[in-house]
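Here's the structure, in structure tokens; my notes come after.
Heavy atoms only: backbone and side chains are in, while hydrogens, waters and symmetry mates are out.
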There are 2 protein chains.
Amino acid sequence: MATVSRVMTGSQPVSADRRARVLRAVDDLDYVVNSHARSLSGTAIEMVAIVLEDITGPSFAAVARGVEQEAAARGRLSLICATHGDPEQELRMVDLMHRQHAAAVILVGAAQDSEYYRVRTARYARSLDSVGSRLVLCGRPPLEEGIPATVVEYDNENGAFAAVSHLLSAGHRKILALPGAEHYSTAEGRLAGYRRALEAHGVGFDPKLVIRGDYTRASGEQAARRLLAEHPEVTAVFAGSDEVALGLMDVAREAGTSLPDRLSIVGYDDVPAAGAVFPKLTTVHVPYEQMGRTAVRLALERFGAGAEDRVVLGTHLKVRASVAAPHAL
Amino acid sequence: MATVSRVMTGSQPVSADRRARVLRAVDDLDYVVNSHARSLSGTAIEMVAIVLEDITGPSFAAVARGVEQEAAARGRLSLICATHGDPEQELRMVDLMHRQHAAAVILVGAAQDSEYYRVRTARYARSLDSVGSRLVLCGRPPLEEGIPATVVEYDNENGAFAAVSHLLSAGHRKILALPGAEHYSTAEGRLAGYRRALEAHGVGFDPKLVIRGDYTRASGEQAARRLLAEHPEVTAVFAGSDEVALGLMDVAREAGTSLPDRLSIVGYDDVPAAGAVFPKLTTVHVPYEQMGRTAVRLALERFGAGAEDRVVLGTHLKVRASVAAPHAL
DNA sequence: TTGTACGCGTTATCAG
DNA sequence: CTGATAACGCGTACAA
């Protein structure tokens with residue numbers, strides 16, 4: 001038995017003769033190592049788990065891809081779990097990963113920052129930590145100092161700043177903002193960038209030009225209808241997500257609005273579809289794939305000397321064709 | 001120990017008193033069941049593994065989502081592995097799943113049907129079968145009778161037939177076909193549907209109107225350039241994938257072709273982006289998510305009486321706005 | 001270089 | 001209902 005183990009793992013020298021005999025037996029018997037037994041005995045190829053809302057969301061998929069790549073490069077498997085937006089399900093998943101002794105559990109996607117969120121997430125962090133797993137928050141509100149968790153964020157505010165500055169530089173002054181739902185860290189960051197850009201260009205902030213909603217296409221469609229009905233003065237829109245921008249473009253065009261001449265639009269996320277629509281959507285590029293890779297790297301390398309446990313990745317504007325100078329009214 | 005096990009699993013009655021004491025200890029000690037040990041001892045919550053080329057492909061993601069949903073509904077975890085198109089990597093992944101004693105290993109995505117493919121895949125099937133795992137082929141060429149594998153396909157040919165018939169009914173006669181690469185089962189099926197539709201409408205088949213390529217956007221762009229340069233007589237295109245259609249639309253529009261007046265287009269797959277472009281793309285809907293769910297269901301229920309091991313799901317045309325009557329030349 | 005014996009954490013079995 | 005004990009399959013000290 002021990003010799004077989006040594007042949008399979010290559011951990012210790014085995015004579016050529018023995019090795020050959022073992023390999024032949026392995027072949028004859030269709031012998032396969034049992035990963036569970038191996039994990040149990042300590043020499044684990046622990047997996048990396050990623051928990052997200054829905055695999056089909058392009059940004060989630062991009063993060064998942066980064067995670068998968070980096071994990072594979074380090075010889076680990078990736079477990080993907082979808083919560084479909086249910087916090088109960090999230091809890092169950094984290095628990096499941098806990099039992100699996102995952103090396104890292106990566107939580108992806110915006111979350112409402114609340115007392116409840118912080119308490120619940122801190123509990124995840126501590127219980128995972130107690131079995132050697134690392135909790136990674138990807139694009140989520142960070143926890144307080146001292147909680148054993150790694151945070152990978154991106155610069156929501158500066159991305160929004162760049163996007164809105166771009167509109168302002170083109171000459172727009174009445175810019176509708178659709179930053180996303182209240183209390184979400186991403187939405188608040190994007191709104192802050194919007195306000196800061198207005199300020200930097202000496203344009204007053206008008207709360208009436210902020211419409212709340214989520215990041216779905218339906219939300220963009222709804223905003224478009226309000227825009228058409230209530231805000232004839234608006235010449236440009238800063239959308240909190242590409243989905244919102246796409247929904248808005250669709251409804252606006254149906255209503256006969258010519259794009260981008262009559263209405264300029266910038267999105268957020270730079271999903272693949274942004275380059276496929278007409279006009280191609282100018283949007284804020286978020287390095288989702290890199291976030292996934294970074295999450296795995298930080299979680300797995302946290303024993304080195306300068307172990308980082310918080311990273312903020314940069315965002316930048318991807319200029320395409322959905323912004324033009326404002327048309328004289 | 002035994003009592004703890006009974007409390008945790010609820011497998012046998014335990015007195016209220018004992019149960020309370022166990023639960024308190026569990027809480028005190030942050031005790032978590034070890035899944036690997038549980039698997040080892042026999043009572044396994046075996047996982048379901050899905051092997052695909054790339055998570056960010058919308059159709060792959062849809063299948064993955066179906067798999068994930070159905071697996072979760074049956075209390076099992078999903079393991080996702082990407083091969084990035086490397087057959088070596090695929091082999092490694094299947095092997096890994098084998099070691100994990102996955103309940104099912106689901107291979108997704110088109111593959112070239114060759115002797116090599118059949119031999120390799122049959123080997124997968126048999127070795128997985130020997131440890132009780134089931135190999136499922138999703139949208140891949142089926143193997144011969146007697147190989148222990150489950151096949152979930154969709155009706156490539158009839159989808160193509162419907163799409164091309166739609167173009168013919170609109171009055172088009174010179175229809176360019178971009179069915180996909182040679183020897184791929186999906187591409188051959190789509191091409192067969194194209195030919196059958198022409199025949200049904202009494203239109204001759206012209207091999208010059210078939211351009212080979214893969215299912216990428218770049219391939220669509222390239223085809224568009226050839227179309228513009230070499231085939232002024234063509235009034236409609238049957239694209240083998242939505243990506244191809246999107247690339248084609250993009251280049252055609254850049255060249256000043258008005259869509260759909262001057263050029264009608266139908267795609268294949270019905271990815272989310274198909275509903276977001278302008279004009280909205282008429283395309284063949286493929287039930288990707290349902291394929292994923294079906295794959296899991298068949299793999300896990302194969303012990304019942306009428307155990308199916310081959311299913312062909314239907315496809316249908318999703319009519320949107322990218323087809324118009326041919327413009328007089 | 002090879003073989004023996006133990007422990008990893010759980011469940012099933014069997015005796016109480 | 002409860003507790004002790006034997007698997008499950010592997011890696012690994014330790015002894016040979």
Side-chain angles (χ1 to χ4, degrees), chain A residues 1-47 49 75-77 79 92 94-103 105 127-133, chain B residues 1-47 49 75-77 79 92 95-103 127-133:
Chain A
M1 286 164 49
T3 303
V4 173
S5 173
R6 289 190 272 257
V7 170
M8 298 307 280
T9 60
S11 58
Q12 284 178 51
V14 175
S15 71
D17 172 45
R18 287 275 180 219
R19 154 170 291 117
R21 283 169 58 195
V22 167
L23 289 176
R24 190 154 50 76
V26 163
D27 204 54
D28 278 358
L29 303 169
D30 280 325
Y31 169 79
V32 204
V33 174
N34 182 324
S35 299
H36 300 295
R38 183 175 277 183
S39 294
L40 194 57
S41 90
T43 324
I45 320 173
E46 297 163 315
M47 3 195 145
R76 315 179 102 110
L77 285 171
L79 211 45
R92 251 196 309 275
V94 172
D95 223 57
L96 228 42
M97 297 310 108
H98 193 174
R99 292 205 268 276
Q100 291 278 341
H101 286 212
V105 176
S127 68
L128 287 169
D129 187 62
S130 71
V131 294
S133 296
Chain B
M1 287 164 51
T3 303
V4 173
S5 172
R6 289 190 273 256
V7 170
M8 299 307 280
T9 60
S11 59
Q12 283 179 51
V14 174
S15 72
D17 172 44
R18 288 276 176 211
R19 154 170 291 116
R21 283 169 57 195
V22 167
L23 290 176
R24 191 154 49 76
V26 163
D27 204 56
D28 278 359
L29 303 169
D30 280 324
Y31 168 80
V32 205
V33 174
N34 181 326
S35 299
H36 299 296
R38 183 173 277 181
S39 294
L40 192 57
S41 93
T43 323
I45 319 171
E46 296 163 315
M47 5 196 144
R76 313 179 104 109
L77 285 171
L79 212 44
R92 252 196 307 275
D95 224 57
L96 227 42
M97 297 310 109
H98 194 174
R99 291 204 269 275
Q100 291 278 340
H101 286 215
S127 68
L128 286 170
D129 186 62
S130 72
V131 295
S133 296

When we call it a touch if two heavy atoms are under 4.0 Å apart, what does [X] touch: a base, just sugar-phosphate, or nothing?
X: A:Met8; answer: nothing
X: B:Ser15; answer: sugar-phosphate
X: A:Val4; answer: nothing
X: B:Arg18; answer: sugar-phosphate
X: B:Val32; answer: sugar-phosphate

- [ ] Could you pick out which residue, B:His36 or B:Ser11, lies toward the 5' side of DNA chain C when each is mapped onto its nearest nucleotide?
- [x] B:His36
- [ ] Give the ring-plane orientation class for B:His36 versus A:His36, where under 30° counts as parallel, over 60° as perpendicular and anything between as tilted.
- [x] tilted
TODO: Find which nucleotide of DNA chain D each of B:Asp17 and A:Thr9 is nearest to by heavy atoms, and output the residue with the more 5' nucleotide.
DONE: B:Asp17
Task: Whichever of B:Val14 and B:Leu40 has its nearest DNA chain D nucleotide further upstream toward 5' - done: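 Closest to the 5' end, via its nearest nucleotide, is B:Val14.
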- [ ] Identify the two heavy atoms, one from B:Ser127 and one from B:His98, that lie closest to each other, and give their separation to 0.1 Å.
- [x] O-NE2, 3.1 Å
Task: Atom of B:Glu46, atom of B:Ala102 and distance for their closest heavy-atom approach - done: CB-C, 4.4 Å
Task: Range on DNA chain D touched by chain B - first to last nucleotide, heavy-atom distance under 4.0 Å - done: D:dC1 to D:dG9
Any heavy-atom pair between the side chains of [Y] and [X] that's under 4.5 Å?
X: B:Met97; Y: B:Leu79; result: yes
X: A:Arg19; Y: A:Thr3; result: no
X: A:His101; Y: B:Val32; result: no
X: B:Met8; Y: B:Val26; result: yes
X: A:Leu77; Y: B:Gln100; result: yes
X: B:Asn34; Y: B:Arg38; result: no

Open item on the list: Could you tell me the boundaries of the chain A footprint on DNA chain C, defined by atoms under 4.0 Å from its heavy atoms?
Closed with: C:dT1 to C:dG9
